Every structure is written in C-alpha cells, then in structure tokens.
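A quick write-up on the structure given underneath.
Side chains included, hydrogens not; waters and symmetry mates left out as well; all remaining heavy atoms used. Everything numeric in this text was worked out from a predicted model, so none of it was measured.
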Amino acid sequence: MSNRPDLPPEIARRRTFAIIAHPDAGKTTLTEKFLLFGGAIQMAGQVRAKGEARRTRSDFMKMEQDRGISVSASAMSFEFGQYRFNLVDTPGHSDFSEDTYRTLTAVDAAIMVIDGAKGVESQTRKLFEVCRLRDLPILTFCNKMDRESRDTFEIIDEIQENLAIDVAPASWPIGSGRDFLGAYDLLNDRLEIMDRADRNKVAQSVEISGLDDPRLAEHIPAAQLEKLREEVEMARELLPAFDQQAFLEGHMTPIWFGSAINSFGVKELMNGIGNFGPGPQPQNAAERQIAPEERPVTGFVFKVQANMDPKHRDRVAFVRLASGHFERGMKLTHVRGKKQMAVSNPVLFLAADRELADEAWAGDIIGIPNHGQLRIGDALTEGEALRFTGIPSFAPELLQSVRSTDPMKAKHLEKALMQFAEEGAAKVFKPSIGSGFIVGVVGALQFEVLASRIEIEYGIPVRFEPTQFTSARWLSGPSDKVDSFVNTNKQHIAHDHDGDLVYLTRLQWDIDRVVRDHPELKLTATKEMMA
C-alpha cells in the first residue's frame, strides 16, 4: 500500500465500505444514522416503524418492510465532512449470504456490527472470513450498549479469540444497560455523553485532558468514574494501541462502543472511517491489476436488481468503478457483448431514491438501468478487453422444482426465472430430460422471497415442490470425456442460465462416484462470474 502514487484528491476522498452483521445486531439502524449524519435524510426510521413516513430508507422491497429484515444489498452515496461515503448495506440474513459475498468484492473496507449482549454470532463469523480472504480492513462497532450487555473485556476477548484479529479500543463504554452514560474517546481524550431524550441528536462532547481531569467528576458518578479509570488503565496495558498500518493490512480492528438507535458512537465511527479507512484500492482482472488513478474508465457489475421501480419493469446493474473519471453520456465497451453502450442515464442511490449521476470517480458505485444486457461479473471499459476476477457464484444448498399454477403463464415463468438468475437471486437449472426448471438457493427463505416476487412483479402464481436432487456441481473436463459422461448420465444433467453444464446430485455418494470413476472430470461448488 505504501509505494503506490498519491491518488487524485477527488478519488482519495472516497470511502467505499460495507456493513456486515448477524441479523438483528442493528445494522439497518446504523445505516439510517449514517444517512442522518451525512445530511442525506431528515429523520431516521426504524425497520418496523409505523406508517409510511418513517419506513427505513434502505429497505425498499415489500417483504423487507413487512418482516423487518434486509434481503437485498442497497448502495448509498453521501457526503460526510471532506469525504464522500459509498455505503453498501448487505443482507444480514444467512439465507442471502451469496449476495453479501458478492457485495464484499466491490468495497475497500467493512464495518462489523456486533450486539453487546450476544457478542460474535455465527453469521458474523462467516462474513468476517470472507473479509479476511480479501484482506479487507475492518472497523468494529459494538452496538446496543444501552441494553444489558456483557463485560467489555469479555467482548474484546471473544473477538480476538474467535476471529484471530487484534482489537484496539477506540472508545471505552461508561456503564451499560440503564446505567450507560456514554463513552470515553481514547483516540482524542474526549468524553462523549449520550442524550436519551432525542434519539436523532448527536452526543454531547466534552474536551478533557486525560482521565485525571477534575471535570470528569461533573459528568460521571464517583463509582462509575473509578471503574472507568481502572478499566482504561488495564486496557492500555493489556490491549494493543491502534496502529493504522496493521488495520489497513487487516490484522487489527479498532472498536467503538455505542447505541445506534440513540445515535450514540455513530459519529465517532464515521470519523474513524474517514480518517483511517482506505481510499479506493486497485482491482484485480485476469489480464492485470487496475489502479484507481488510471485515466481510462473501467468498472464491473457486482449486483443486478430487477424491478426496483415496479412501475417501470427496469433492471439496474450496480457498477463499482475501478478507475478513471466517468461522465454521463460516455460510451463504454461492454466487454462480454463486444458492443459499445452509451451510458446516458446512470444513477446514484440514496436507498430507494435515486438521482442522475452527472459524474463519478473510481471507488463510486453507480447504477446503470438496462433491459437485461448487463449481468453480474460484466466489465465496462473504454475499449480494453478486461475480465475482473474474484466475483463468486456458489453451488446452491437447496433445490426445488417450480411450476406455474396457471398453465397459460408457463412461458412467462421462464422469462421471470431467467431474470432472477441473471440478477443472482437464485440458480436456475434446465434439466436435460423433461420440461420445467429446477431452482437452487442457499437458504429456504429465498424460495418465499422468489415466490412472492414472481407473483408481485410478474403476476404469475407459482408453486415450489421438492425434487429428488439435493445439490448441484459445475461439470468440466476434456470435451470428449464430458460428452460421453453426459450421454450416460442424462437424468443428472442440466444447464445453468449461462449454458454451463451442471451435474445434479441426490447424495454425497453421487459426487464420490464421479470423483472415483471419472478422475479426468472436475466437479466444482463455485464458479467465477467472469464475463
């Protein structure tokens, strides 16, 4: 990182990051407060708020609003001080983890939100591993300190033990639950006092000179002050001090303690991303590495969202710009289609609201409305044939057949399924024998979401039914060997929406048999989504 040239100021001020968490740790609330402090919205809404006026801005799908969970990753851009934040909100629910994995390919850092009472939960651990594979710097926010929570040292120990990363406290909580008063800002020697009366108000800051400052006693009861001094002294002896280089390399995470719902600790966390977080990083392509300061514009599609606006039946491709300065109306080459596209109506997102983007820089995320030309993994460049790497597609863990309960709409169902496959919402397999389709997903909740979306967006009532198959593997190898295998195993063979061969399995035994009897063939559980 150190020997790279300085970035142009407009690129250097970008901070592109995702928020990861276990469901219900408070991720969507934190996103809301980011938008509030970034001046992007006037009033934060809870996920399960009453009435349309305070619906959460980042959850725009009907099902997300009904259930109070985020199931699609949305991107939001806003200014904060001298920085331009591009925040990608990811689904916390494990059934949508593939969407989250792909989203993490488009960011330069991540914020991990953990619940002060529950600590490191299973989904947090999974997502953290993905960040580690990509060496993403991680900032940690320990949320819900205004509720009964665990001992601060215990929480830090658990993160260090479970995730094998050094933890450097950036703030230290004063009390917890009903006794939670605020936090001591260890990086700036400041006392932050929480205001319980107004949830949308920023905490009051008191500048002090160290923990011996007599002014502390004016704000903190004696017993809590003594405990704070003891704990901070222990923390400074036992825990490492914050080291920006170790953080940027992914070996250390700074931790802030707060309460997102009370707007507490959020501003400090945002300052942390701005001051310590990385600017746009180089992106990997099969041909070479692309540096953000390069002049030609390049970018890749990491997500496709269909029907964000049901009135227009549109599809928006989310594109992470890897280099250059993009201007509206530019002609870019769609590498897979070998065609030029005039990008005349690119959009920047503010949750469900969008505005036309007149320009964007490396690190930004723009939306390109299209009618199905762009799919996940596609590269857009000013002519160079690049293929970006590292965008994964995973073998589904659950398979079901799908049919329309209205036989007249069978043809429309195929179109709807192909759209969802290209969006990455599900895998769709066309078996070699028989009619119909098999749909594969990572978690059972996805079937519900698909059925509901197919009905709402396409007007087709569908039924998902169990199938004899339990998993799928992509099949590759020398073409003559593949052909003879396909001919003798037709009942197991299907094609995915890209036309690639897939072997459908009933038991682990099916996979073991192929590995044993056909060593020249390869069965894989992941596929790189390269155009």
Side-chain angles (χ1 to χ4, degrees), residues 91 93-102 122-123 125-127 129-130 133 376 391-405 413-414 417-418 420-451 454 462-529:
H93 200 289
S94 59
D95 285 8
F96 299 90
S97 50
E98 186 168 355
D99 198 15
T100 305
Y101 291 144
R102 282 200 293 266
S122 57
Q123 184 63 10
R125 202 171 294 128
K126 265 191 196 164
L127 294 169
E129 284 309 320
V130 182
L133 287 172
I376 293 167
I391 303 171
S393 179
F394 298 98
E397 292 168 25
L398 299 168
L399 296 173
Q400 291 197 354
S401 61
V402 59
R403 62 189 184 86
S404 167
T405 50
L413 176 61
E414 177 171 352
L417 289 174
M418 285 306 152
F420 287 126
E422 285 173 16
E423 185 185 310
K427 302 286 178 293
V428 176
F429 303 121
K430 181 91 181 82
S432 295
I433 294 176
S435 61
F437 291 89
I438 289 176
V439 174
V441 296
V442 176
L445 181 59
Q446 279 178 290
F447 285 125
E448 276 183 60
V449 171
L450 281 174
I454 292 170
V462 295
R463 182 181 296 150
F464 283 101
E465 292 167 342
T467 163
Q468 57 169 325
F469 301 113
T470 57
S471 72
R473 293 290 182 269
W474 282 281
L475 175 67
S476 59
S479 55
D480 55 331
K481 300 276 197 258
V482 169
D483 290 347
S484 77
F485 178 80
V486 165
N487 285 332
T488 51
N489 292 277
K490 271 206 160 61
Q491 71 281 14
H492 281 272
I493 300 297
H495 288 85
D496 69 8
H497 76 284
D498 290 324
D500 291 336
L501 274 173
V502 174
Y503 178 65
L504 300 173
T505 71
R506 290 168 304 203
L507 308 159
Q508 180 60 35
W509 183 84
D510 288 330
I511 297 174
D512 296 341
R513 180 183 68 89
V514 176
V515 171
R516 187 186 67 232
D517 299 348
H518 303 273
E520 65 286 353
L521 296 181
K522 212 164 140 201
L523 295 180
T524 49
T526 57
K527 163 173 120 165
E528 278 241 326
M529 299 181 82

Does any N or O in the side chain of Asp510 come within less than 3.5 Å of the main-chain N or O of Leu507, such that one atom is a donor and the other an acceptor?
yes
pair Ile511-Gln508: side-chain heavy atoms closer than 4.5 Å
yes
Using modelled atom types only, decide if a donor and an acceptor are shared between the side chain of Ser401 and the backbone of Ile438 within a distance under 3.5 Å.
no
Identify the heavy atoms of Val441 and Ala426 that sit nearest to each other, and give their distance.
CG1-CB, 4.1 Å
Does a sphere of radius 6.0 Å around CZ in Arg513 hold more than 12 heavy atoms from other residues, nucleotides or ligands, not counting ones at 6.0 Å or beyond?
yes
Is the backbone N or O of Ser471 less than 3.5 Å from a side-chain atom of Thr505, with the two atoms forming a donor-acceptor pair by type?
yes
When Leu399, Thr467, Val402, Val462 are each screened for side-chain contact (heavy atoms from CB on, under 4.5 Å) with Val439, the one that passes is Val402
Sole candidate of Leu501, Asp500, Leu523 that passes side-chain contact (heavy atoms from CB on, under 4.5 Å) when paired with Trp474
Asp500
Rounded to the nearest 0.5 Å, what separation is found between the NE2 atom of His495 and the OG atom of Ser432?
6.0 Å
Working to the nearest 0.5 Å, report the span between CG of Leu398 and CZ of Phe464.
11.5 Å
Kindly compute the distance separating CE (Met418) from CG (Leu413), expressed to the nearest 0.5 Å.
9.5 Å
Mind checking the CD-CZ spacing from Gln400 to Arg463? Nearest 0.5 Å is all I need.
12.0 Å
Please give me the minimum heavy-atom distance between Pro478 and Glu520, naming the atom from each residue.
CD-O, 3.5 Å
Let me confirm one number: the CG-CG distance from Leu417 to Leu450, rounded to the nearest 0.5 Å.
8.0 Å
Closest non-hydrogen atoms of Leu504 and Ala494, given as atom of the first, atom of the second and distance, are CD1-CB, 3.9 Å
Are Asp496 and Lys427 packed together at the side-chain level, in the sense that at least one heavy-atom pair is separated by less than 4.5 angstrom?
no
Is there a side-chain contact between Phe469 and Pro431 in this structure, where contact means two heavy atoms from C-beta onward sitting under 4.5 Å apart?
no
In Å and rounded to the nearest 0.5 Å, what is the CG to NE2 distance from Leu475 to His518?
10.0 Å
Would you please indicate if the ring centroids of Phe485 and Tyr503 are separated by under 6.0 Å?
yes
Full working for side-chain contact (heavy atoms from CB on, under 4.5 Å) between Leu445 and Glu448:
CA-CA 5 Å; Leu445 181 59; Glu448 276 183 60; 3.9 Å; yes
